[in-house]
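Heads up: the structure comes next, in structure tokens.
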Amino acid sequence: MTSRFNPHAAEPRWQAAWEEAGSFRANDASPKPKSYVLEMFPYPSGRIHMGHVRNYTMGDVLARFRRMTGHEVLHPMGWDAFGMPAENAAMEKKVHPGDWTRQNIAAMRAQLKRLGFALDWSRELATCEPDYYGHEQALFLDLFKHGLVYRKESAVNWDPVDMTVLANEQVIDGRGWRSGALVERRKLSQWFLRITDFADELLDGLKGLDHWPDKVKLMQENWIGRSRGLRFRFAITGDVPAGQDMLEVFTTRPDTIFGASFAAIAADHPLALALAERDAALATFADECRRTGTAAAEVETQEKRGYDTGLRVVHPLDPEWTLPLFVANFVLMDYGTGAVFGVPGHDQRDLDFARKYQLPVTRVVATTADTADEPIHDEADTRDGVIVHSRFLDGLKVEEAKAAVIARAEADGWGQGTTVWRLRDWGVSRQRYWGTPIPIIHCDSCGAVPVPKDQLPVVLPEDVSFDVPGNPLDRHPTWKHVPCPSCGKDARRETDTLDTFVDSSWYFIRFASQPDDRPFDRAVAEQWLPVGQYIGGVEHAILHLLYARFWTRALRRTGLLDIAEPFSGLFTQGMVTHETYFDTDEAGRTLWYAPEEVERTSDGAIARSSGLPVTVGRVEKMSKSKKNTVDPGPIVDQYGADAVRWFMLSDSPPERDLPWSEAGIEGAWRFVQRLWRLTEANDAPEGEDKDLARKLHRAVAGVAADVEALSFNKAVAKIYELANAIEKAAPSATRTGAAETLIRIVAPMVPHLAEEAWARLGREGLVADASWPEVDPALLVDDEVTIAIQVNGKLRDTIMAPKGTDRPTLEALALGSDKVLRLLEGRTPKKVVVVPDRLVNLVA
RNA sequence: GCGGACGUGGCGAAACCGGUAGCCGCAGCGGACUUAAAAUCCGCUUCCUGAUGGAGUGCGGGUUCGAGUCCCGCCGUCCGCACCA
């Protein structure tokens, strides 16, 4: 009698059973080895999307597998609940950001629960609740106390749409990462975290992260951007503004110092500002420099331009030698000292600039001393070589010359070897309501005073309005007026809130330990940390992952937690993609069609509404703008959680994009039903099936290895193979046992079906609590192997031979093959290559 | 421009250390069961050829008894950074 697995009935039942048994509660006191599996927590937008489903399914398989292999697993879930969308919703729909967020959380929690994830919901947290952000405020104050927080007036990236400041990391091609608006420069007093104090550590720490993708490590390395070089001073001659008679520059190429033909400063350089006050033409030029955007296309096409200040700088190695000083549009105030010297022979920008302003171009590095006078044309020569035309440096290699110049500068006192970083301190002030209030009080007498810890949390006021742009905290009638904690006089609360990336910089610690009276218990947190496997999108390769690494190291410096790296293992999963469908209207606009609006045919697609063909576009990341999203909700309704989970793991390697398809989910559904049929009760047949036993043990070992490596697609293929083998096998005791084992190894992937089948097989307890099947190593090796017979490297025949057959025997067997004899036509092979248990290659 | 990844059937892909290319799935084709359909089951499915056979892992070279895998040079796609001195 065949039956069908009914996910709609079974899934809620087993979810309730797990909940009742507390199966997925992590026990801090467990003697078992600890395993912390974490997926990046979601922003509560209101609905989960396929990307979440894929992300959490991967983590879930690993978490369940670890439980089966004897680990105490921590697999928590929470909500990255502060941020702009809640405020946008407040402005558009007149709902309070808190209400909107909490409703979204409730909806998404229900959706996640339907997918049957093995999560410890007892540790759920939302960053927007005072019992989370209050502890964050305490940590902020600890960092403050240790000098890792400071306030400074600085030019900031101002997003005119979101009306807030953005960190450098949040500006992409000159636009706000969220709003897409062109970012403006403004001067504001801002709070900063001293991430640059940790630049060396953060860079060097990458080396130890063996279980991180190289790509992410490289991205962080480039972002931190360490450059070693020489910082030195030029004396300035001419009509120099008061107190500006020295110009400090930074170079990574001190070896080329005798190739210098000019010096240049940024338009915002203090010297340029001073000069502009008395030189209207310069002021105009500087304005033009500031106006030009930093967008990729602009930078690439933009001409190198400069303004000759008329001043000259004295070459540090020759007081008789002076160079012109320009204000130039390609010099950045943000990097190094905002001033450079130009060596046109060996730097493309400098060369472009020198050609334009007819400055001398001298070769000072040549491949060999013989080519010292080879002219430089349109391309700067950046190759390694020996120094030429450079007085005492002549004949030195580039690296030797760098050291020699630095040594000379240090000895003579005009410069020193130094390191500069691309990384900037992290500006965390946001002029927003829906974020963690910065626990500082501004007092006219005492300055910025930390809120005393016993007055934490500083709670967001509920009664705020969003009818005008800007920060509702700032215009709240009473909230900001408080007495100074230090002197008691009238003072003002800081009305900026923290960047939401602060919230996500320590949530994984709070998951590990959540006492009421402090952010975490050090001993308990250290039992779990670092996170053994962290899984999320590669879009967080820099921002979130760098900030979290910094925060963890900052906590170590304050003595609160002795963990250097928060995530020992990182996996960045690919996106879920879908075909796109579109046509073009009379006006040439592209009209997108949602998947449910088109009917896929064998050679294209037609719109259901009109019956007319539409173009099948590229397979792309699911996005609202291209309408190629598939909502997981209805899919789970139709096929159940297990089929969706199975599909998420099938086919595509997890780091690559997964193309969603109707056919794919259908296939997953069929397999779930097939598994169900495989465990159909039969009347206890006797007998052994050695061949099947081998396949079984190989599958168990293979799937375990694949899951450990997060190669879920390979594990899935092995499970299919095993299922095929079991189906084909004649009834036997082995076959009956194999079906049960199969259920255990699919349990992490399709847990509801596994429970249902487990119960049907009459097994005690939950398969969620079962252990991973034992593997008999003896059954992993074959006793007979296929030997490939090649002639001149081409496959001509195969033969079976007992494993371990010696070389002479294999050679003899190969020479006995009819096909081989025919090809050799009586000749004796010149050479015979024998690879035991693999092949014989006869070279004729 | 700099840095990185990738390129294998109609599609998603697999291939340990250089050793039988294409496991597994999807789609397709043929068949069984059925009044029929769905579901299920069996078989075929890289390309060319009727078969024997030949070709084949983006392109061109190289190393090797043997290359998807290693080396050199191209082409293409994607990602990150971007005037970083």
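This is a predicted model, so every value here is computed, not measured.
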Report the base-pairing partner of [N] (Watson-Crick or G-U wobble, both distances below 3.5 angstrom), or none.
N     : value
B/C6  : B/G76
B/G1  : B/C81
B/G30 : B/C42

Considering only atom [atom1], compute the distance from [N] to [M] and round it to an integer number of Å.
N     : M     : atom1 : answer
B/C23 : B/A36 : P     : 34 Å
B/A32 : B/G25 : P     : 23 Å
B/U64 : B/C48 : C1'   : 29 Å
B/G1  : B/C72 : C1'   : 24 Å
B/C59 : B/A27 : C1'   : 30 Å

Check your understanding: Within this structure, what is the CZ-to-P distance between A/R656 and B/C78, rounded to whole angstrom?
Key -> 16 Å
Point to revise | A/Y547/A/W223 aromatic ring centres below 6.0 Å | key: no
Review point. Taking the six-membered ring for Trp, are the ring centroids of A/W660 and A/F647 within less than 6.0 Å of each other?
Key: yes
Review point. Ring pair (Phe, Tyr, Trp, His ring centres under 6.0 Å) with A/F262: which of A/Y357, A/F353, A/F341?
Key: A/F353
Revision key, fill the gap. Quick note, A/V340 side chain, CB onward, closest among B/C78, B/A85, B/A82 is B/A85
Practice item. Identify the two heavy atoms, one from A/R54 and one from A/M575, that lie closest to each other, and give their separation to 0.1 Å. Key: NH1-O, 3.3 Å
Exercise for review: Return yes if the base of B/C83 and the side-chain atoms of A/K304 contain a donor-acceptor N/O pair under 3.5 Å, otherwise no.
Suggested key: yes
Check your understanding: Quick one: does A/R674 reach the base of B/C41 with a side-chain donor-acceptor pair under 3.5 Å?
Key -> no
Check your understanding: Looking at A/W676, does the NZ or CZ of A/R4 lie under 6.0 angstrom from its six-membered ring centre and within 45 degrees of the ring axis?
Key -> no
Review point. Which is true for A/N841 with a 4.0 Å heavy-atom rule: it touches a base, it touches only sugar-phosphate, or it touches nothing?
Key: base
Practice item. Compare side-chain N and O positions of A/K718 against OP1 and OP2 of B/A14 and report whether any pair is under 4.0 Å apart. Key: no
